[in-house]
Amino acid sequence: MTSIDKYKGCFLGLAVGDAFGAPYEGGLLERLLWKAIGKTRDGKLRYTDDTQMAIDLAESFLHNSAIEQDHLAYRFAQSYQWSRGYGPSTSRLLKLIKKGKNWRDANKKKFKTGSFGNGAAMRAPILAMCFPSNTLALLNNVTKSAEITHAHPLGIEGAKLIALATQAAFRDLENEAILMKLLHQCQSRIYKNKITFCAEALNRSEKKIKEIKRNLGNGIAAPQSCVTAIYFSLKFRDQKFESMLSQIFTLGGDVDTIASMAGAIWGAFNGASTLEEKSKSLEQSQEITWLAKTLFLKQHHSLF
Ligand code: F2R
Ligand code: MG
Ligand code: MG
């Protein structure tokens with residue numbers, strides 16, 4: 001059964017995973033840059049684009065009681081700051097929207113088929129909080145949220161898998177049932193193969209981190225990171241959050257986003273108690289907790 005504690009855990013897991021993972025993301029240059037800009041003036045850990053877009057999505061949903069694409073696109077653009085470390089085509093798109101371009105005309109400027117970066121997947125756990133019980137509505141709204149920035153089918157499919165895994169974690173489904181649900185949702189061979197590998201890796205034996213990286217990926221594209229995050233969240237669902245993070249840090253590559261997506265799913269299983277202590281060193285943690293609580297009350301008590 002879902003609860004207010006699980007909602008808080010999910011949002012805090014997303015933000016804590018992002019902020020704690022950010023110093024390990026990318027190559028040497030990116031890590032050096034983050035060393036310089038990764039803390040606020042009062043010494044709190046800054047979050048990156050992953051959490052900023054999740055906050056935008058939650059606030060836009062609370063404002064409209066729905067996913068309104070034009071409002072959400074405007075919100076993403078208003079919050080854009082280069083120092084949050086957005087992906088290249090998302091940066092370009094948000095700057096165009098800020099200048100007054102319609103997102104429908106701008107989101108295929110860099111890639112004709114749209115982006116398959118993991119930017120839509122990293123905010124998808126929020127949609128599981130907005131649509132906790134109706135899976136069809138969840139999937140339709142994941143598509144609406146993704147289309148703005150990540151119109152490529154692989155970008156949308158990755159976001160659907162993360163949203164479904166989060167919804168299943170709120171319901172405490174067993175790993176096997178979760179993976180069956182995900183497999184049923186997969187349309188492309190690349191995700192099918194990865195979910196199948198994930199199921200084997202969870203069942204059979206201890207896999208080396210190198211093998212996980214080779215088979216599931218650790219990159220900035222959705223097919224290279226979504227199933228990786230799902231694997232870690234399922235493997236560590238009954239263990240400490242810190243144990244999961246330390247494994248993800250050793251992966252390298254897109255660490256903040258893999259930790260953020262895995263953190264959200266882990267938090268949806270386990271709630272907020274461990275994360276509340278960690279989130280004391282995170283910027284805006286009270287606002288994030290408030291958003292999670294408000295999303296819960298909106299969905300479960302029809303307060304608005
Ligand atoms: N920007 C960063 N990190 C910078 C360092 C990353 C490092 N070099 C690494 O590889 O690990 N982090 C933030 O960006 C990611 C989210 O990105 P988003 O919003 O999906 O960006 P974008 O630009 O849309 O896509 C990312 C890249 O994917 C490839 N790609 C996407 N669509 C493609 C297509 N249709 N054809 C070919 N390539 C495509 C491109 O390389 C894009 O640049 C998160 O990690 C967040 O933390
Ligand atoms: Mg990021
Ligand atoms: Mg990232």
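Just so you know, ligand 1 is whichever comes first in the structure, and atom 1 is the first atom listed for that ligand.
A cation-pi arrangement is not found for K278 relative to F241, the charged atom failing to lie both closer than 6.0 Å to the ring centre and inside a 45° cone about the ring normal.
Residue contacts to the Mg ion (ligand 2): E25 brings no N, O or S atom closer than 2.8 Å. Backbone or side-chain N, O or S atoms of T257 reach the Mg ion (ligand 3) at under 2.8 Å. Because the distance cut-off is set at 2.8 Å, Y86 fails to qualify as a neighbour of the Mg ion (ligand 2), as none of its N, O or S atoms comes that close.
Close N/O approach between D256 and ligand 1 is found [any backbone or side-chain N/O within under 3.5 Å]. Considering backbone and side-chain N/O of D254, one or more are found under 3.5 Å from N/O of ligand 1. Of the polar atoms of G119, at least one N or O is found under 3.5 Å from an N or O of ligand 1, judged by distance alone. Taking only nitrogen or oxygen atoms, main chain and side chain alike, G85 reaches within less than 3.5 Å of ligand 1. Between F116 and ligand 1, at least one N/O pair is under 3.5 Å apart. Residue T257 has at least one nitrogen or oxygen atom sitting less than 3.5 Å from a nitrogen or oxygen atom of ligand 1, judged on distance alone. Considering backbone and side-chain atoms alike, P88 places an N or O below 3.5 Å from some N or O of ligand 1.
Below 30°, between 30° and 60°, or above 60°: for H300 and Y7 the angle between ring planes is above 60°, a perpendicular geometry. Relative ring orientation between H152 and F116 is described as perpendicular, the plane-to-plane angle rising above 60° on a 0-90° scale split at 30° and 60°. The aromatic rings of H71 and H63 sit parallel to each other, their planes meeting at less than 30°, with 60° as the upper class boundary.
The closest side-chain donor-acceptor pair between S3 and D5, if any, does not fall under 3.5 angstrom. Neither side chain, R84 nor S79, offers a donor N or O lying under 3.5 Å from an acceptor on the other. Judged by distance alone, the side chains of D256 and T48 do bring a donor and an acceptor atom under 3.5 Å apart.
Counting only heavy atoms, the protein never gets under 4.0 Å from atom 41 (O) of ligand 1.
In this structure, E277 does not pair ionically with K240, as no charged nitrogen and carboxylate oxygen lie closer than 4.0 Å. Under a 4.0 Å N-O distance rule, the pair R123/D49 does not qualify as a salt bridge. Note on K6 versus D172: salt bridge recorded, some NZ/NE/NH1/NH2 to OD/OE distance being below 4.0 Å.
For D256, the N, O or S atom with the smallest separation from the Mg ion (ligand 2) is OD2. Of all N/O/S atoms in D49, OD1 sits nearest the Mg ion (ligand 2). Taking the Mg ion (ligand 2) as reference, D50 places its N/O/S atom OD1 nearest.
Aromatic ring centres of F296 and F11 lie farther apart than the 6.0 Å criterion allows.
Near S89, with a cut-off below 4.0 Å to any heavy atom, the atoms of ligand 1 are 22 (P), 23 (O), 24 (O). For ligand 1, the atoms sitting less than 4.0 Å from at least one non-hydrogen atom of S115 are 22 (P), 24 (O), 25 (O), 31 (C), 32 (N), numbered in the order shown with element in parentheses.
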Inset, instruction - Starting from the C-alpha separation in whole Å, work towards a yes-or-no answer on side-chain contact (heavy atoms from CB on, under 4.5 Å) for I67 and F131. - result: CA-CA 11 Å; I67 299 301; F131 302 96; 4.2 Å; yes

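Comparing heavy-atom distances from atom 17 (O) of ligand 1 across G21, G87, G27 singles out G87 as nearest. Comparing R84, H150, E30, R31 against atom 5 (C) of ligand 1, the shortest heavy-atom distance belongs to E30.
Not a single heavy atom of S225 sits closer than 4.0 Å to an atom of ligand 1. Ligand 1 does not have G219 within reach: every non-hydrogen atom of the residue lies 4.0 Å or more from it.
Among protein heavy atoms, the minimum distance from atom 9 (C) of ligand 1 is reached at G26 CA, 4.2 Å. Nearest non-hydrogen protein atom to atom 12 (N) of ligand 1 is E25 OE2, 3.0 Å.
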